[in-house]
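What follows is one structure encoded as structure tokens, with my remarks underneath.
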Amino acid sequence: MTLPLVVGVDGSDGSLQAVDWAVAEAARHDVPLRLVYASLWERYESGIPGTGPERPSERVRAEHIVASAAQRAAQRDPDVKVTTDIVPEDAVDALLHEGNNACAVVTGSRGRSELKGLLLGSVGLAVAGRAHCPVVVVRGDKAGLSGTHERILLGAGGPASGGAAARFAFREAAARGCALDVVCAWRRPLTAEDPAREYEQQASARLDALLGELMAEYPGVRVRSATAEGPAHRILVNRSAAADLVILGSGRRHGHGGLQLGRVVHTLLHQADCPVAVVPQSV
């Protein structure tokens with residue numbers, strides 16, 4: 001059974017952007033699209049006896065939101081199979097649950113209940129920090145959202161923490177037929193006596209260990225790898241302006257129920273100029 005690509009929808013502009021992005025992604029990978037609206041009102045109203053023919057207003061709103069999102073998806077690509085659901089759960093809990101049976105979860109950068117001043121909505125942040133499947137937060141400028149750069153960017157961790165993200169990046173580049181830029185940032189500690197060259201060589205060795213087998217497995221993917229001196233979060237934010245997708249790994253420790261996002265992932269989710277994919281890996 002092919003796992004679907006799940007999209008959280010709530011009628012906001014951010015969720016509509018997520019639907020648009022996800023339709024193209026589903027077509028690219030030939031997977032079905034599942035549009036999910038989460039509403040606690042559905043849970044509360046299900047236990048209230050009906051007193052008339054009118055349905056609860058929140059139920060009507062939910063049905064309108066998912067129907068509009070499904071229609072939008074069908075207009076963008078009628079060949080993508082679309083299903084919808086209204087789930088009586090908190091949005092974060094619902095998407096985390098959906099992620100257990102999804103190839104990935106897609107969210108907008110902000111929902112309709114988020115304050116406009118926030119760079120990233122609480123739902124997207126929580127799902128990206130806790131899900132056990134890849135999560136894509138759709139954000140960025142017009143070029144990043146439309147995929148016109150024809151390149152994706154992988155922030156390289158080590159094989160132990162970034163192997164799943166690297167494999168995701170190669171699959172994505174192969175499906176898109178685009179270039180894959182891989183960057184490994186390095187810094188020389190202020191108190192270190194070793195020359196900077198040694199730290200650069202260590203970063204280069206990490207790249208070789210991370211990419212070697214995958215480059216052999218995906219010979220058609222054009223890979224451009226580089227080391228860069230400086231803070232990884234700043235380097236990747238700057239380079240995201242020329243990418244259609246940034247891919248980052250995120251370690252998941254067993255028994256840890258809170259957000260598991262490092263500084264680099266957290267910064268990119270708030271500041272990247274294109275969608276960001278967070279790929280979990282057990283550590």
Side-chain angles (χ1 to χ4, degrees), residues 1-43 46 58-114 120-139 145 147 164 168 171-172 175-176 245 247 250 252 269 275-280:
M1 180 179 177
T2 302
L3 294 177
L5 182 64
V6 171
V7 187
V9 298
D10 64 2
S12 66
D13 290 343
S15 78
L16 294 179
Q17 283 186 339
V19 170
D20 293 346
W21 188 92
V23 170
E25 184 74 356
R28 216 176 270 129
H29 293 277
D30 192 25
V31 298
L33 195 62
R34 177 170 165 80
L35 308 179
V36 177
Y37 177 87
S39 171
L40 286 174
W41 279 103
E42 174 73 5
R43 176 188 297 173
S46 65
E58 182 63 19
R59 176 71 190 191
V60 174
R61 180 200 295 269
E63 291 177 353
H64 173 73
I65 286 173
V66 295
S68 297
Q71 182 180 26
R72 185 183 183 99
Q75 289 174 342
R76 293 188 72 87
D77 192 333
D79 292 329
V80 172
K81 181 181 179 182
V82 179
T83 59
T84 65
D85 201 359
I86 299 170
V87 183
E89 292 184 70
D90 170 80
V92 173
D93 292 339
L95 292 178
L96 290 174
H97 177 76
E98 291 285 334
N100 293 330
N101 293 288
C103 61
V105 171
V106 181
T107 77
S109 59
R110 283 197 301 269
R112 62 185 172 99
S113 62
E114 302 294 345
L120 175 65
S122 58
V123 172
L125 187 65
V127 175
R130 293 168 55 191
H132 291 280
C133 73
V135 175
V136 180
V137 174
V138 178
R139 57 165 297 112
L145 290 169
F168 182 95
R171 286 200 303 265
E172 192 66 30
R176 291 170 178 250
L245 178 67
I247 300 169
S250 180
R252 292 288 185 270
L269 286 173
V276 179
V278 180
V279 183

Problem - Contact summary for Ser109 and Val137, nearest pair of heavy atoms - result: CA-CG1, 4.0 Å
Exercise for the section: Answer yes or no: is there a side-chain heavy-atom contact under 4.5 Å between Leu145 and Val138? Expected result: yes
Exercise for the section: Taking the side chain as every heavy atom from C-beta outward, state whether Asn100 and Cys133 have any atom pair closer than 4.5 Å. Expected result: no
Handout entry: Over all atoms of both residues, closest heavy-atom pair of Gly124 and Thr107
Key = CA-OG1, 3.7 Å
Exercise for the section: Using side chain to side chain contact (heavy atoms under 4.5 Å, CB included) as the criterion, list what pairs up with Ala277, not counting sequence neighbours. Expected result: Val136, Phe168, Leu245, Ile247
Practice task
Could you grab the distance from atom CZ of Arg130 to atom OG of Ser250, nearest 0.5 Å is fine?
Solution key: 13.0 Å
Exercise for the section: Answer whether the closest heavy-atom distance between the side chains of Leu35 and Val66 falls below 4.5 Å. Expected result: no
Handout entry: Sequence-distant partners of Asp85, side-chain hydrogen bond (donor to acceptor under 3.5 Å, both in side chains), two or more places apart
Key = Arg34
Practice task
Enter the distance from Arg59:CZ to His64:NE2 here, rounded to the nearest 0.5 Å.
Solution key: 14.5 Å
Problem - Residues that His29 engages under side-chain hydrogen bond (donor to acceptor under 3.5 Å, both in side chains), provided they are two or more places apart - result: Glu25, Glu172
Completion exercise
When every non-hydrogen atom of Leu33 is compared with those of Ala22, the smallest separation belongs to CD1-CB, 3.7 Å
Problem - Any donor-acceptor N/O pair, Arg72 side chain to Asp20 backbone, under 3.5 Å - result: no
Completion exercise
Note: Ala62 and Ile86 closest approach over all heavy atoms is CB-CD1, 3.7 Å
Handout entry: Under the side chain to side chain contact (heavy atoms under 4.5 Å, CB included) test, residues paired with Ala91 that sit two or more places apart
Key = Ala38, Val123
Problem - Close side-chain approach of Val87 and His97, heavy atoms under 4.5 Å - result: no
Exercise for the section: Identify the heavy atoms of Gly11 and Ile65 that sit nearest to each other, and give their distance. Expected result: N-CG2, 3.5 Å
Practice task
Please name all residues satisfying side chain to side chain contact (heavy atoms under 4.5 Å, CB included) with Ala104, sequence neighbours left out, ordered by chain then number.
Solution key: Leu5, Pro134
Completion exercise
For Leu3 and Cys103, the nearest pair of non-hydrogen atoms, with its separation, is CB-N, 3.6 Å
Problem - Asp77: side chain to side chain contact (heavy atoms under 4.5 Å, CB included) partners, not counting sequence neighbours - result: Val23, Ala27, Asp79, Val80
